[in-house]
Amino acid sequence: MAISDFATVKFENGALYFLDQTLLPNEERYVEMQTVEDVYDAIKRLVVRGAPAIGVGAAYGMWLAARNYAVENGLLGGAAVSAALSPEQVEAWLEAFRRDGAYLKSSRPTAVNLEWAVERMDGRMIAMKAMADEVAAGKFGVLQINADYILNELMQEADNIRVEDENSCYMMGMFGLTLLEPGMGLLTHCNAGALATAGYGTALAPIHMGQERGYDFHVYADETRPLLQGARLTAWELSRNGVDVTLICDNMASTVMKQGKIDAVLVGCDRMAANGDGANKIGTSGVAILAKEYGIPFYMFVPTSTIDMSIKSGNDIVIEERDPEEISEMWYARRMAPEGIRSFNPAFDVTDHKYITAIVTERGIALPPFDESLSALMDV
Ligand code: MRU
């Protein structure tokens with residue numbers, strides 16, 4: 001099955017690799033990450049992208065940060081057993097870890113999975129510090145805590161984040177399929193697929209899973225200007241899995257809807273507020289407004305790791321602005337706008353909850369009013 005023959009993020013023989021998504025669809029190349037700076041750069045340049053995949057990549061990036069600290073500070077024993085660490089040594093390590101975490105979190109502002117994953121790793125490191133204190137006070141049932149133990153704990157947390165994401169994609173796929181019928185025409189925007197997660201994807205999960213079950217969907221993929229995630233990534237992963245996919249320019253969505261080709265719109269999300277407003281790739285909100293006009297259901301696929309209950313509405317979501325040259329030069333053989341022209345390049349927009357028919361999470365499907373259904377779901 002096509003989805004299992006690539007991984008966006010993989011950890012093999014002690015090394016972290018990302019499938020370089022800036023090279024797709026022309027080249028499939030894995031790049032090795034050796035430092036937290038490499039991971040920062042990969043997230044910023046969209047080598048690894050899509051909210052859940054950014055979270056998974058960042059979790060392993062934090063392990064790299066911890067491993068490099070241990071090496072640089074002589075905390076690992078090499079062939080011998082690593083020496084016991086004092087609470088002061090673990091405290092210093094925790095401080096460095098937190099500095100690296102703050103740095104990594106600053107690589108991109110909108111997808112909440114980035115800070116969520118770094119904070120999960122931070123939680124595990126804090127537990128290590130508490131354990132070091134207990135060991136030193138003679139209160140714990142082990143005699144020592146060493147660097148191998150800590151790195152092992154951090155690796156377990158990163159693995160948990162990856163496996164949870166894989167499972168949550170599967171569950172969103174199953175819930176998503178309950179909203180769809182065989183033979184439907186579906187529209188999607190950006191890439192919320194396997195390339196954006198550790199599993200089947202979020203919005204593309206029911207499409208991949210429907211493909212395995214003979215649903216025979218007809219998918220229209222918005223090309224997604226300016227970075228072309230729809231053309232380069234969604235078209236790549238869907239066609240590779242045998243899905244019937246047709247690429248359209250973003251400004252053709254209204255036409256295919258009007259022609260009756262679209263029965264449902266499926267999109268992902270980078271950060272959802274407590275009231276159901278959801279930030280996703282620029283252009284998503286326009287698609288939602290069109291869908292409402294044509295009476296087409298608009299489904300947002302949102303793992304709970306993407307729901308930020310600390311913000312009330314989409315007004316509080318920070319929207320990343322990217323290099324204007326992505327609009328005027330990137331992908332073109334020659335510049336396609338006059339030299340010196342000003343351009344504005346917000347990477348995301350917020351879809352108001354009133355345009356969302358249902359929010360699909362790994363815990364179930366939330367229906368309006370979302371402030372009530374999301375808080376019930378998040379309390380589970
Ligand atoms: O800038 P990107 O490519 O990281 O943006 C990705 C999206 O907007 C996705 O739709 C979103 O992260 C959900 S991915 C499951």
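Everything quoted here is computed from the prediction, not taken from an experiment. Position 1 is the first residue of the sequence, and the numbers go up from there. FYI, side chains are in, hydrogens and waters are out, and symmetry mates aren't considered; it's all heavy atoms of this structure. Read the numbers this way: they start at 1 and go in the same order the structure lists the ligands and their atoms.
Heavy atoms of Gln229 found under 4.0 angstrom from ligand 1 belong exclusively to the side chain. Contacts between Phe301 and ligand 1 below 4.0 angstrom, taking non-hydrogen atoms only, are absent altogether. Counting heavy atoms under 4.0 Å from ligand 1, residue Cys190 touches it through the side chain alone.
Residue contacts with ligand 1: Arg108 is placed with a nitrogen or oxygen under 3.5 Å of a nitrogen or oxygen of the ligand (distance criterion only). Polar contact check, Thr197 against ligand 1: no nitrogen or oxygen pair lies under 3.5 Å apart. For ligand 1, the polar-atom distance check finds an N/O of Asn280 within less than 3.5 Å of one of the ligand's N/O atoms.
The option with the heavy atom closest to atom 13 (C) of ligand 1, from among Cys269, Ala196, Gly50, Gly278, is Cys269.
Tyr294 and Ser254 share a side-chain donor-acceptor pair at under 3.5 Å. In summary, the side chains of Tyr30 and Glu12 do not present any donor paired with an acceptor at a separation below 3.5 Å, with no hydrogens or angles considered. Remark: the Asn251 side chain and the Arg225 side chain contain no N/O donor-acceptor pair separated by less than 3.5 Å.
When each atom of ligand 1 is checked for a heavy atom of Ala51 under 4.0 Å away, the hits are 12 (O), 14 (S). For ligand 1, the atoms sitting less than 4.0 Å from at least one non-hydrogen atom of Lys281 are 1 (O), 2 (P), 5 (O), 8 (O), numbered in the order shown with element in parentheses. Annotation for ligand 1: atoms under 4.0 Å from non-hydrogen atoms of Thr202 are 15 (C). Interface of Ala192 with ligand 1, defined as ligand atoms under 4.0 Å from a residue heavy atom, comprises 14 (S), 15 (C).
Counting only heavy atoms of the protein, atom 3 (O) of ligand 1 lies nearest to Arg49 NE, 2.7 Å. At the shortest separation from atom 11 (C) of ligand 1 among protein heavy atoms lies Asp270 OD1, 3.0 Å.
Under a hydrophobic-cluster definition in which Ile, Leu, Val, Met, Phe, Trp and Tyr are linked whenever side-chain heavy atoms come within less than 4.5 Å, directly or via other members, Phe301 and Met171 are assigned to the same cluster. Leu290 and Ile282 sit in two unconnected hydrophobic clusters of ILVMFWY residues. Membership requires side-chain heavy atoms under 4.5 Å apart, directly or through other members.
Within the 4.0 Å heavy-atom cutoff, Asn191 counts among the residues contacting ligand 1. The closest approach between Pro52 and ligand 1 falls below 4.0 Å for a heavy atom of the residue.
Ring planes of Tyr170 and Tyr200: tilted class, angle from 30 to 60°.
Rounded to the nearest 0.5 angstrom, Asn68 CG and Trp63 CH2 are separated by 8.0 Å.
Aromatic rings of Tyr60 and Phe11 (six-membered ring for Trp) have centroids within the 6.0 Å cut-off, being under it.
Side-chain contact between Thr202 and Pro52: present, with at least one pair of heavy atoms (C-beta onward) separated by less than 4.5 Å. Side-chain contact between Val265 and Leu186: absent, with no pair of heavy atoms (C-beta onward) separated by less than 4.5 Å.
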